[in-house]
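Presented below is the structure to which this report refers.
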Amino acid sequence: MDRTILNFIAALRKAGIPVSPGEAIDCLNALTLVDGLGGTYKDVFKTTLIKSSEDMITFEKVFRLFFGIHKTASEMTPNKKQLHHPASLQRGSLSDGRGLIQSGAGGPAEVMSKWLLQGDMENLRFLTQQSLARLQLQSVEDLNDLNDLVRQVQISMEWFMAENMLKRLYEKNEIDPINYQQVLDRLEQLKDYVEEQLEVKVIRDFGGDGLDRLLTLRDYKHLHFNQLSEQQVIQVRHYLHKLGKKLATRKSRRYKKGKKGKLDIREIIQKARRTGGVPLKLAYESRRIDRPELVVLCDISRSVARFSYFMLQLVYIIQHCFQRVHSFVFVDDIQEITDWMKQLDFADMLDTIHYGTKVSITGYSDFGHVFFQFRKQYLHLVDEKTTLLIIADGKNNWREPNYSDFAHITELAKRTIWLNPEPIHQWNKGDSIIGRYARWCDQVFECSNLMQLESVVKQVL
Amino acid sequence: MFTNIDQVSTQLAQCDYIADNQIATGIYLALKLEKPLLVEGPAGVGKTELGKALACATKTKLIRLQCYEGLDEAKALYEWNYQKQLLYVQHNDNCTWQDISKDIYSEEFLLPRPILKAFLSPVRTTLLIDEVDKSDEEFESFLLEALSDFQVSIPELGTITARNKPYILITSNNSRQLSDALRRRCLHLYLDYPDLETELQIISLKLPQLQHGLAEKLVRVVQYLRKQDLQKPPSVSETLDWARSLETLNVKTLDEKTFSNTMMVLLKHHKDMEKAKEKLSGVLKI
C-alpha cells in the first residue's frame, strides 16, 4: 500500500508538482489516521501534498491517470467489442438495434448540436468513442502535442461546426441564455471526456511509457509554449498574473530598510523607546528605485504568437512600474498599441489587436521593414534612459535584414534585450538570423517555457 | 477532540458553518497531526469564518492576528514593556544589581502579542493568522519557527514552548506567492466558490425566514454570474448580503426591476453591472 502511495508521489513529481519528503511522510501519517473514519484518499492527498492552487488541475489529472487506469482499462473492453462490430459503424445504429441517427437529420454536426441541446450525454460519448477508434497512434515519441490529437478527434466529430451552429442560434435568440450556458457546460464536459479517453487509449497502447509521457506533458512550467493545452494556457496566465503583481509591488514599496541613505525617522523613534527616548542606533530608508522607460516590440506572427501574448500580459500588469511604456506589435508592418494597453482591459486589447491592426500583409515576419518603419516614425521614443525589449524568434524568412537601421536604434537605447522563444539549439539554423542581430544587443535570452520566462523577467524588469 | 471526520462536519454545522468533506478532512488532519492549516481562495468564500467556526466548534478562545505590510516581530510576537522597566529601575534605587537584572526581564514586563499570547495561554486557543499574503517575506521567516516547533525564542528569557499547542489557521487571498518554506510546514486547503446545493444550504442556514423558491432562484442567478467573465465575481458573503437585502425589502419574486435596483449589493464594478444587465433579461424569465 505504501509503495502505491510512493509511486503516486513519484508520478506527481514527474508532472511538475514538487513534493518534499516531509510532505510525503505527512501524507502517509494522515492516511493511517483517516483509515475508515469517513475520509477519502483524494481529500487527504489534496490536503497534504498540494500546496498551491495552480497545482490543483495537474493533480486531478495525475490522480485520474494513476488511479483510473486499472478501472478504465477493464471498462474499455466491452466497448471495444461494440465498436468493432461492423453493424454499429455503418448506418449509425447501436448494437441493440436502436437507430442512432433519425432519418432526415443531416450530417454529424447537426446531430451533435441536437444532442447537445437535449443533453443526451450517452450518445455524445458514443460518438466520441467512434472518432477515437479511428485515430492511429504510432509510437510514444509522437506524443508531443496532446492538444493536436484532441483537435483531430474533434474535427472528425465535426465539433467546431456544431459549436458555430449553436452560437449562431444563440445570437439569433433562438436559444435562451441559461440553455446556452448548459450547452457550453456540456461541451466542456465532453471535451474532458475526449481527453480522458485519449489518455486511456495511450496507456492501453503504450503501457508504462505512455503514462510517463502523459505525466511530463502535464508539467506546464517546463513545456514549450506551443505545446500547452488550452487548460494549461489558463494555468500559465494565472501564474503570470501573480508574477506580474509580485513584480509590480516589489518596485512600489516605499519604505525599505537600508544600510545607508535617507534617515527613516519612524524606525529611529521606535528604536529609541528601548533606550529611554535617546536615539542610539540610526535606521535608513533605501532610495526609491529609478523607474526605467520601456519600449516593447512584439512579434505576433503565428510561430511566436502564444509567447507574445504572455509577454503582453506581463507588460500590461506591470506597466505602471515604468516611467513610460510604449508597446508595439508587428509581423511585417509595425503598429503602436500603447494607448490600447493603457485604456482597454486585456481581453479587449487582444481583440483589437486581432481585428484592428494591419500588421500582417504576407503573414511572415519581416524585421528589416519593421526596423525601417520604426526608425522613420518612432525613433524619437528611444533615448538614453530607454530599455528596448524585442520579443521575436529572429526568423526573417530570408528577407532583407537591414542591420543598419537596427544598429542605429539600439545605439540610442540604454540597453537592448532580445527574448527568443525558440529553443536554443535551433538558433541560426534555417532562416533564423538571431546571431547576427545579437551583435547589437546587450542580452539575448532563450524563453521557451514558463520557468525560463520567469527567471528572465525577474532579472530584466 | 474529534474522533472522526463526519463529527467535524456536524460540529461545524452546529456553529453555522457548512463544511464539505474536503474542509472537514483538512481540519481533522490539521488537528490530529498538529500542523497549521493554510486556507487559500478568492475573497469572501468563508476563510475567516472557518477560523471563527473552528474556535466555536472546539470551544476554544479565538486569537486573531491581522497581517499587513510592515508587520514585524514587535507587533506579532512580543515586546518588552520599556516604560514599566524604566519605572521599576527608577523606583528600586536601593536594590542590588543582581536583583534588578533578574527581575527586569521577567514575564511581568513582557507584553505578549497574539502569537505569544496563544502559546502562553493556560487553556487551548485557536490562532487565526488572517491574510498572511499582505505581510512581507521577513514576517514569514518569524512565523516559521513558531509554526513548526510551537516555540518562540526570546533572547533574554530563553525559549518559550507552548503550554497548550494552539490550533493554527492561516488565510491567504493569493495576492502574492507565499514562500515555499511556509507552505511546506502547513497543510493546505483550497476554498472555492460553492456549488448550487451547498450555497443554497448556506442561505437556508443563515436566513431561515427566506422563502425557499426565492432563495433557489437567487442562487441560480449568482451561479450563472460567476461563470461570466466578470472583474470581480460575486462571493458567498455578497450572496448573503443580497439575500438579506431582498428579505428586508420584502421581495416576493425576482424580476428585472428588482434586480437592477439591488444589483449593487452583488456586483461592485460598473462594467460588471452592465454585463449582467444585458445577459439577465433572458435568465430571469425562467
Side-chain angles (χ1 to χ4, degrees), chain A residues 18-20 22-23 26-27 29-31 33-34 36-56 170 173 175-181 184-185 238-239 241-243 245-246 248-250 253-257 266-267 270 272-277 345 347, chain B residues 2-9 20-30 32-33 35 37-38 40-42 69-70 72 74 79-80 82-83 85-86 136 138 174-178 180 182-190 192 220 223-224 227-229 231 271 279-283 285-286:
Chain A
V19 178
S20 71
E23 290 165 330
D26 283 340
C27 181
N29 283 338
L31 286 171
L33 282 174
V34 160
L37 288 179
T40 63
Y41 279 24
K42 204 175 179 192
D43 288 337
V44 173
F45 288 149
K46 272 203 226 176
T47 311
T48 49
L49 301 173
I50 310 300
K51 297 299 169 75
S52 56
S53 36
E54 293 98 38
D55 291 337
M56 213 53 95
Y170 171 63
N173 280 324
I175 322 178
D176 60 62
I178 289 227
N179 221 347
Y180 187 60
Q181 188 63 47
L184 291 177
D185 289 342
H238 278 157
Y239 191 88
H241 190 75
K242 277 207 238 165
L243 179 64
K245 275 203 176 158
K246 185 174 173 188
T249 52
R250 192 171 74 172
R253 226 193 294 168
R254 277 174 288 137
Y255 289 122
K256 203 177 161 198
K257 291 188 191 160
R266 197 183 72 154
E267 197 62 31
Q270 289 256 16
R273 292 196 295 157
R274 297 182 201 170
T275 46
D345 70 355
Chain B
F2 295 119
T3 44
N4 62 36
I5 295 185
D6 293 323
Q7 200 188 19
V8 175
S9 305
D20 63 11
N21 267 334
Q22 181 70 55
I23 300 176
T25 312
I27 299 265
Y28 180 74
L29 287 175
K32 286 286 169 182
L33 291 174
K35 279 192 169 262
L37 186 66
L38 175 62
E40 284 187 318
E69 191 169 346
D72 57 2
E79 203 172 5
W80 289 112
Y82 308 118
Q83 291 91 327
Q85 286 171 330
L86 278 175
D136 43 40
E138 295 167 36
N174 252 339
S175 62
R176 71 172 176 89
Q177 285 280 64
L178 295 177
D180 276 348
L182 184 62
R183 284 183 187 274
R184 299 281 161 253
R185 280 180 178 63
C186 307
L187 298 177
H188 188 263
L189 177 62
Y190 184 71
D192 206 350
R220 274 187 205 278
Q223 293 277 334
Y224 175 75
K227 294 205 183 104
Q228 310 308 313
D229 189 20
Q231 209 171 338
K271 262 190 182 165
K279 300 209 175 176
L280 268 171
S281 43
V283 171
K285 290 196 185 99
I286 301 197

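Every chain is numbered from 1 and lettered A, B, ... according to where its sequence line falls, protein lines coming before strand lines. If you're wondering where the values come from, they're calculated on a predicted model, not measured in any experiment.
Residue B:Gln231: no heavy atom, backbone or side chain, is found under 4.5 Å from chain A. Heavy atoms closer than 4.5 Å to chain B are found in the side chain of A:Asp185, but not in its backbone. Looking at A:Tyr180, there are no atoms closer than 4.5 Å to chain B (heavy atoms on both sides), in backbone or side chain. For chain A, the nearby parts of B:Gln22 are the backbone and the side chain; heavy atoms of each come within less than 4.5 Å.
Taking A:Ser20, A:Gly22, A:Ala30 one by one and counting their heavy-atom pairs under 4.5 Å with chain B, the maximum is reached by A:Ala30. Ranked by non-hydrogen atom pairs under 4.5 Å with chain B, the options A:Val19, A:Ile50, A:Asn29 are led by A:Ile50. Here B:Leu187 is the residue among B:Asp180, B:Leu187, B:Asp192 with the most heavy-atom pairs under 4.5 Å with chain A. Chain A forms more heavy-atom pairs under 4.5 Å with one residue of B:Glu79, B:Lys227, B:Glu40, B:Lys32 than with any other, namely B:Lys227. Between chain B and the options A:Met56, A:Lys46, A:Lys51, A:Gln181, the largest number of non-hydrogen pairs under 4.5 Å is found for A:Lys51.
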Check step by step if side chain to side chain contact (heavy atoms under 4.5 Å, CB included) holds for B:Leu38 and B:Leu178. CA-CA 11 Å; B:Leu38 175 62; B:Leu178 295 177; 4.0 Å; yes

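For B:Lys271, the side-chain hydrogen bond (donor to acceptor under 3.5 Å, both in side chains) criterion is met by no residue, not counting sequence neighbours. Residues satisfying the side chain to side chain contact (heavy atoms under 4.5 Å, CB included) test with B:Ala24, not counting sequence neighbours, are B:Ile5, B:Val8, B:Ser9.
A heavy-atom distance below 4.5 Å is found between the side chains of B:Glu69 and B:Asp136.
Aromatic ring orientation, B:Tyr190 versus B:His188: parallel (interplanar angle below 30°, classes split at 30° and 60°).
Once rounded to the nearest 0.5 Å, the distance linking OH of B:Tyr28 with OG1 of B:Thr3 reads 7.0 Å. For the atom pair A:Asp26 CG and A:Thr47 OG1, the distance stands at 11.0 Å (nearest 0.5 Å).
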